[in-house]
Structure formats: structure tokens, C-alpha cells
Amino acid sequence: DVKVTQSSRYLVKRTGEKVFLECVQDMDHENMFWYRQDPGLGLRLIYFSYDVKMKEKGDIPEGYSVSREKKERFSLILESASTNQTSMYLCASSPRVGRLYNEQFFGPGTRLTVL
Amino acid sequence: GENVEQHPSTLSVQEGDSAVIKCTYSDSASNYFPWYKQELGKRPQLIIDIRSNVGEKKDQRIAVTLNKTAKHFSLHITETQPEDSAVYFCAARRLFSGGYNKLIFGAGTRLAVHP
């Protein structure tokens, strides 16, 4: 049973704080992704990683950075949180294309509020 | 750039009726089109997908059709039930050299099935 876990379900931070969101998957997936979900905008890709220490910008990387030091863990970092980063953050993982299944599996999400 | 448009944004049907959600994509290199269902307060989960070499796929009450020429794909749910009520996301996958990939999501459709 695939499991993608996120460090917090709810988080409240103040403007200017540095925020770390952690994601761990136990399926030995190569690809990991960070999305933010806002009403009416769907799931927007922030960053993704296709291997340890590799990262690629998604569609909305501004204000964010990521870290992938181990295959199973992908961290999203808000260097200086701002109120417009209040959102639901979803992590996902998937195997490399070419394996039998390419489904992206999502974590439960972290609802971040920046005051 | 890459874009996936999804319509309608909200859909209300009576139990037993059919529901259709439509998506168009812009990147002709897309070759895989999954549909995710997100129930209230839960993570998105894959319900059906279709690859670019197939025109139609069916799984019990749900089916997906793909028209590559028109860059258009649709989700069809027949004999809807209250438990089908959720937000549905379409997506198109773009492959990059090296085997990694990313999904571009539509904005979502909130489906309400009334008893």
C-alpha cells in the first residue's frame, strides 16, 4: 500500500518566517512533486524532483525552494513566508516513466496559514 | 505554454443521471491523461487514465474518451450516485528526456449528485 506522508496537516506561521514542509514516500519512487491547491485554480506545480539532489522548477516556483537529499524525502521551503502563500500544499510521488504504473500518489496535504 | 482547460467548473445532477466533464490541452507532446477524484477533506486519487494510443477506456460506470487531433478528452460518469460527489481534476502528462515527467492539471470540476 503506497504511502505518502506530510509532516503537518495544519500549520500557522507569521509573515517573514522560514517554513519547512516535509514529504516522505515509502514506494521507492524516483519522482516527487510539490503542488499548491487554491479554489478555482486547481493543482499548480511548484517544484519537482526526478532524482536525489535533482530539482526542476514547476509553474509557480517564486518564493519557494526545495531539497531532496534522500530518495524518500522531498522538502518544500518558504524562505520568507508571505500572506499570499496561504494555501493547501500537496506532495506527490510517482515512479519513473517506463515502469508499469505511472500514477502520481498524493499525500494528505498541509493547510498553511500565513498571518 | 502548457495549459489544460477544464469545463464546467461546477456540475449538479440528479442521482441516476450521467455527468460529463471536458478538458482540452495545448501541448501536443502530451501522451498520458489521468483523471483524479478528490472527496471533501481528502487527497486526490486516480480513478481512470488513458494513453495517447487509445481512443476510449471504460471502467464500470466511468469512461474516458480522447481525441488527439482536437487535443480534447472527456470523463463520462453514468448512473451517478451521491458518493460520486467530489471535485474531479483532469491532467495531461508531458515527458522530458531522461524519463521524468510532469502533470499539468485542469482547474477542477465540483460535481454534486443530488438524491
Side-chain angles (χ1 to χ4, degrees), chain A residues 1-6 9-10 23 25 29-61 68 71 74 88-111, chain B residues 1-10 21 23-27 29-54 57 59 64 86-110:
Chain A
D1 197 23
V2 175
K3 200 169 269 186
V4 181
T5 57
Q6 296 182 227
R9 289 301 304 272
Y10 301 94
C23 176
Q25 51 94 5
H29 285 170
E30 289 82 5
N31 301 320
M32 295 188 76
F33 308 84
W34 274 107
Y35 296 91
R36 64 177 282 176
Q37 182 175 16
D38 301 287
L41 297 177
L43 298 164
R44 293 181 293 166
L45 183 64
I46 304 171
Y47 266 96
F48 63 106
S49 168
Y50 54 93
D51 205 347
V52 176
K53 296 194 185 294
M54 305 303 288
K55 61 184 179 184
E56 291 287 335
K57 292 180 179 179
D59 302 312
I60 51 166
R68 185 124 182 245
K71 190 175 186 180
F74 192 35
M88 171 68 83
Y89 290 87
L90 287 164
C91 174
S93 73
S94 72
R96 190 184 303 279
V97 172
R99 288 171 61 171
L100 187 59
Y101 300 106
N102 299 128
E103 177 182 348
Q104 277 193 24
F105 294 89
F106 284 87
T110 296
R111 184 165 294 282
Chain B
E2 306 143 344
N3 186 45
V4 174
E5 293 194 3
Q6 182 172 348
H7 298 281
S9 56
T10 59
I21 303 170
C23 290
T24 58
Y25 61 98
S26 61
D27 185 1
S30 298
N31 66 348
Y32 170 70
F33 307 90
W35 287 86
Y36 284 80
K37 175 183 180 183
Q38 186 178 28
E39 297 177 15
L40 190 63
K42 296 191 176 180
R43 68 191 77 189
Q45 291 194 298
L46 181 73
I47 54 170
I48 195 168
D49 55 16
I50 190 167
R51 298 182 190 278
S52 58
N53 58 349
V54 175
K57 184 177 177 181
D59 183 4
V64 58
V87 178
Y88 291 82
F89 294 98
C90 64
R93 183 182 74 185
R94 176 146 184 231
L95 272 181
F96 294 85
S97 58
Y100 68 89
N101 64 93
K102 68 174 187 177
L103 292 178
I104 309 297
F105 283 88
T109 296
R110 184 174 298 278

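In what follows, chains carry the letters A, B, and so on, assigned in the order in which the sequence lines appear, proteins first and then strands, with residues in each chain numbered from 1.
Of the atoms belonging to B:Pro34, not a single heavy atom falls under 4.5 Å from chain A. Residue A:Phe106 touches chain B through both its backbone and its side chain, counting heavy-atom pairs closer than 4.5 Å. Proximity to chain A (any heavy atom under 4.5 Å) is restricted, for B:Ile104, to the side chain, taken from C-beta onward. Proximity to chain B is limited to the backbone of A:Leu41, based on heavy atoms less than 4.5 angstrom apart. For a residue to count as touching a neighbouring chain, one of its non-hydrogen atoms must lie under 4.5 Å from one of that chain's; by this rule A:Asp38 does not touch chain B.
Here the closest non-hydrogen pair linking A:Gly40 and B:Ala107 is O-CB, 3.5 Å.
Looking at residues two or more places apart in sequence or on another chain, you find no salt bridge (charged side-chain N to carboxylate O under 4.0 Å, His left out) involving A:Lys55. By the side chain to side chain contact (heavy atoms under 4.5 Å, CB included) test, A:Ser49 pairs with A:Arg68, A:Phe74, sequence neighbours left out.
To the nearest 0.5 Å, atoms OH (A:Tyr35) and NZ (B:Lys102) are separated by 9.5 Å.
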Check against side chain to side chain contact (heavy atoms under 4.5 Å, CB included), B:Tyr36 and A:Gln104: CA-CA 10 Å; B:Tyr36 284 80; A:Gln104 277 193 24; 3.3 Å; yes
Full working for side chain to side chain contact (heavy atoms under 4.5 Å, CB included) between B:Gln38 and A:Gln37: CA-CA 12 Å; B:Gln38 186 178 28; A:Gln37 182 175 16; 2.6 Å; yes
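Atom CZ of B:Arg110 has 12 or fewer neighbouring heavy atoms from other residues, nucleotides or ligands inside a 6.0 Å radius.
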